[in-house]
Enquirer: 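Following this message is one structure expressed as structure tokens.
Indexing begins at 1, ligand by ligand and atom by atom, following the structure's order.
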Amino acid sequence: MAEVIVASEAGACFGVERALDLVRTTAREACGPVHTLGPLIHNPIVVDELAALGVTAVNDPSEVGEGSTLVLRTHGVAPSVERAAVDAGATVVDATCPFVKRAHRAAERLAGEGYQLLILGEEGHPEVEGIVGHAPEAIVVSGAADLAGIELRRRVGVVVQTTQSKANLRSLVSELVGRVDELRVLDTICEATAGHQGACAELAKTVDVMVVVGGKNSANTTRLAEIAAAICPHTHHVETPQELCSDWFANAERIGITAGASTPAAHIEAIKDAICGMARG
Ligand code: SF4
């Protein structure tokens, strides 16, 4: 029978657990309607669970009314967004992950010290938009290749979306070295991201099949799937046990599982149980 192994670091991180606690407590205690600004985390199953508690997502602070409560999600927001919610009469509960807050402060600091600020991240991702909101002159780059179209100044600062890979940061930094007089890098990749990615790569080296669990729209889960696929060609990214296919495991002796930072432990267990059932059958 195949061995099924869960990565040593996988699944819901400190920031997501903290945000879920905050929103559940708020749903219990608030008198008026409770909203999140966008889905609280990129995990459709969790979003459905919150909907059952009466928590609904809005896309813009202008959608919330007087007396309602708006929970800011782990990704964080620009200061202007928080002000708009307060102006609309809402009580704001800030569930921004402290690691994302650290990226906000890093961006403010480097921009304030006069560096040309580069944010290494995905253009348009809510976390990146929030960081840009704290340093509006910043330029977003997805990797070293994007530097081609940028006129670099003498002093350049770099801040990183928390879910980027260390490899992408290293490649950007090595491209910048020698092209600027002064380079200041504040590595704001979060510990959970680095730990998940390292454990994922280690496990992927030792298994025949990797299964990555988490929202298809989750940046950190997608990154795990990319890291695993680069090492183990038989990598599959799923959100639910129903997406698993027994053919994937037909000749596998070792099957690895990892999960994004927005995936609760119960979802990982459900996937593991389903895989064990298929591998037995
Ligand atoms: S992945 Fe990191 S930055 Fe994102 S919520 Fe989790 S702990 Fe915070």
Enquirer: Quick check for you: to the nearest 0.5 Å, what is the distance between Leu70 atom CG and Asp60 atom CG?
Expert: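 It is 10.0 Å, given to the nearest 0.5 Å.
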Enquirer: For Val158 versus Leu117, what's the shortest heavy-atom pair and its separation?
Expert: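 Answer, listing the atom of Val158 first, then Leu117: N-CD1, 4.4 Å.
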Enquirer: Which protein atoms of type N, O or S are found under 2.8 Å from atom 6 (Fe) of ligand 1?
Expert: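 The answer, once waters are left aside, is Cys13 SG.
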Enquirer: Of all heavy-atom pairs between Val159 and Ala103, which one has the smallest distance, and what is that distance?
Expert: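 For Val159 versus Ala103, the nearest heavy atoms are CG1-O, 3.9 Å.
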Enquirer: Considering non-hydrogen atoms only, spot the tightest contact between Lys216 and Glu239 and give its length.
Expert: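 Minimum heavy-atom separation between Lys216 and Glu239: N-OE2, 2.7 Å.
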Enquirer: Show the nearest heavy-atom pair for residues Leu244 and Ile275, with the distance to one decimal.
Expert: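 What the structure gives for the nearest pair is CD1-CG1, 3.8 Å.
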Enquirer: If you compare all heavy atoms of Leu120 against all heavy atoms of Leu169, which two are closest, and at what distance to 0.1 Å?
Expert: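 That would be CD2-CA, 3.6 Å.
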